[in-house]
Number of protein chains: 2
Amino acid sequence: MSADRKSPGYSRSTEDYLKAIYELESEGGPAQTSAIADALGVAPPSVSGMVKRLSESGLLEHAPYRGVQLTRAGRRTALKMVRRHRILETYLTTKLGYDWDSVHDEAERMEHAVSDGLIERMAMALGYPRHDPHGAPIPTKDGEIDEQEALVPLIDVPVGSMAELRMVSDRDPELLRFMASLGLRVGVAFEVIGRQPFKGPTAIRLAGQHAKERDQVIGHELAENLSCVVLEGAVG
Amino acid sequence: MSADRKSPGYSRSTEDYLKAIYELESEGGPAQTSAIADALGVAPPSVSGMVKRLSESGLLEHAPYRGVQLTRAGRRTALKMVRRHRILETYLTTKLGYDWDSVHDEAERMEHAVSDGLIERMAMALGYPRHDPHGAPIPTKDGEIDEQEALVPLIDVPVGSMAELRMVSDRDPELLRFMASLGLRVGVAFEVIGRQPFKGPTAIRLAGQHAKERDQVIGHELAENLSCVVLEGAVG
DNA sequence: TACTAAATTTAGGCGCGCTTAACTTTTTAG
DNA sequence: CTAAAAAGTTAAGCGCGCCTAAATTTAGTA
């Protein structure tokens, strides 16, 4: 009748930890206690305690003082949460008129409350999208996720190259609103026409824009957050 | 920027208690400890404890050994949860293809996770519906709820009367599925053509149906759960 | 190598919401 | 009117997830 509900029914906290650890791991290496604490906004000892419980449940492996890695089971749940989050973000923007800067918090809360069935209905209604509004790939129902083709932060795209904006973090609404005001959306192509040293700005020329808004200057911190694919061009 | 989030941010349990108490109160009189315990599936002492905390927060008034009543603030929050629940149920059936028997649980979990803003967007997308799929009235944003015109359980509709089905509880999926299989939906009109004593069945004749499915026999328990408005007819 | 700084873990404690067991109050029935 | 039953409350305790303060381990550097 319903093989539906969230399989072993983890707590909201458990789901949050697993997702955060997954995201930290995908930035390379094992996730460290303080990084997890930071990501979740809790004190480090809270992480130590939770890590203990989670490894006893077989969701992750803990090398004391070294960090933590997801087990197969842990990764499965983490990817489920990532899928939920991204489907929800896509649904909210596509079907309910949310802007891309305001979906993160809503999805963050809903991802713990909805059933697998609802997520699949939303995915179906959306035509099984592969990416969320910020360009992040959506894992499939069985936990497959597209390997990102080599994405490079704008800050590392060599001057003179053509590149395309592929992804941006959904975390900072301010940043997203500012991007939108510059005409920077996922999918736009541009040429890097200059970059100043000492954390200075990067200058880009957007493809297919009218004169006025064609050239933009992107500050250092913003440029760090823009994941691009380099289309062609000179090497640094 | 966001006067949005759930005002004082009550816990999931608090919201559940307030909603349950609201629903018990609307069946007349103060809500009793054991009834609340029943409704929430917890032990009576849990209710005593929670009631203490909730009255200290000014959400309800407790007359020891007598029962409990919502304060203005408590009622406001309860009605907010009822609104959320019913908007969610309507949205899920209308926009995501859920059947009326399967929305309750989903809405029950989501109502604690979504923001006011999302509920308003859903309400707008639905054209500000006044009733949910089970016929229950949806409170407005500021906590107004339609007084139900005198609804009578089918079991009390006199034989010979015409009546219309107006509302049914969303609680029991089995019952809802069975109703659907009989062609009983909110809004159908019918004549009560007979009733057996000793908790026997009620016989009805549906208006505007083809011969085969026109006459239906409704068991006692089901008939208790069907809220009707009497259109005309003889008195008992 | 030794000492300090940073990261991590252990210890002790708290609030929430739940439980069972024991006690009190209210209701009901003889 | 009183005794038994039913309903409600208090007491004691548990798990979760959080905290701060105090060890402890690791890493960095003179």
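Values below: all heavy atoms of this structure, side chains included; hydrogens, waters and symmetry mates excluded. Nothing here was measured: the structure is a model prediction, and the numbers come from that model. So you know, we letter chains A, B, ... as the sequences are listed, proteins then strands, and number each from 1.
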Identify each atom pair where a protein N or O and an N or O of nucleotides 10-14 of chain C are less than 3.5 Å apart, giving names and distance.
none

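- A donor-acceptor pair is defined here as one N or O able to donate and one able to accept, closer than 3.5 Å; no such pair exists between the side chain of B:Ser57 and the backbone of B:Leu59.
- Of the charged side-chain nitrogens involved, at least one lies within less than 4.0 Å of a carboxylate oxygen, so that B:Arg84 and B:Asp116 count as a salt-bridged pair.
- The aromatic rings of B:His134 and B:Trp100 sit parallel, their planes meeting at an angle under 30°, below the 60° perpendicular limit.
- With respect to the salt-bridge test (charged N to carboxylate O, under 4.0 angstrom), the residues B:Arg12 and B:Asp16 qualify.
- Across all strands, B:Ser13 comes closer than 4.0 Å only to sugar-phosphate atoms, never to a base (heavy-atom distances).
- Salt-bridge annotation for A:Arg83 and A:Glu111: absent, with no side-chain N of the basic residue lying under 4.0 Å from a carboxylate O of the acidic one.
- Between B:Glu108 and B:Lys19, at least one side-chain nitrogen of the basic residue sits less than 4.0 Å from a carboxylate oxygen of the acidic one, meeting the salt-bridge criterion.
- Each of B:Gly67 and A:Val42 lies near DNA chain D, and the nucleotide nearest B:Gly67 is the one positioned closer to the 5' end.
- Rounded to an integer number of Å, the gap from B:Tyr65 OH to C:dC23 P is 13 Å.
- For the pair B:Glu221 and B:Lys199, the salt-bridge criterion is not met [side-chain N within less than 4.0 Å of a carboxylate O].
- Residue pairs meeting the salt bridge (Lys or Arg N to Asp or Glu O under 4.0 Å) criterion with at least one partner in residues 133-155 of chain B, sequence neighbours excluded, are B:Arg130-B:Asp146, B:Glu149-B:Arg166.
- Cation-pi geometry between B:Arg121 and A:Tyr98 is met: under 6.0 angstrom from the ring centre, within 45 degrees of the axis.
- Note that the OH atom of B:Tyr17 and the CG atom of B:Leu24 stand 12.0 Å from one another [nearest 0.5 Å].
- Applying the 4.0 Å criterion to OP1 and OP2 of C:dC16, one finds that B:Arg53 has every side-chain N and O outside that range.
- Between B:His85 and B:His104, the ring centre distance stays below 6.0 Å.
- Shown here are the ring pair (Phe, Tyr, Trp, His ring centres under 6.0 Å) partners of B:His62, two or more places apart in sequence or in another chain: there are none.
- The stretch residues 20-37 of chain A touches DNA chain C through A:Gln32, A:Thr33, A:Ser34, each having a heavy atom within less than 4.0 Å of the strand.
- For the atom pair A:Met81 CE and A:Glu23 CD, the distance stands at 11.0 Å (nearest 0.5 Å).
- A heavy atom closer than 4.0 Å to some atom of DNA chain C occurs in no member of residues 54-63 of chain B.
- A 4.0 Å heavy-atom criterion places the boundary nucleotides of DNA chain D facing chain A at D:dC16 to D:dA27, written 5' to 3'.
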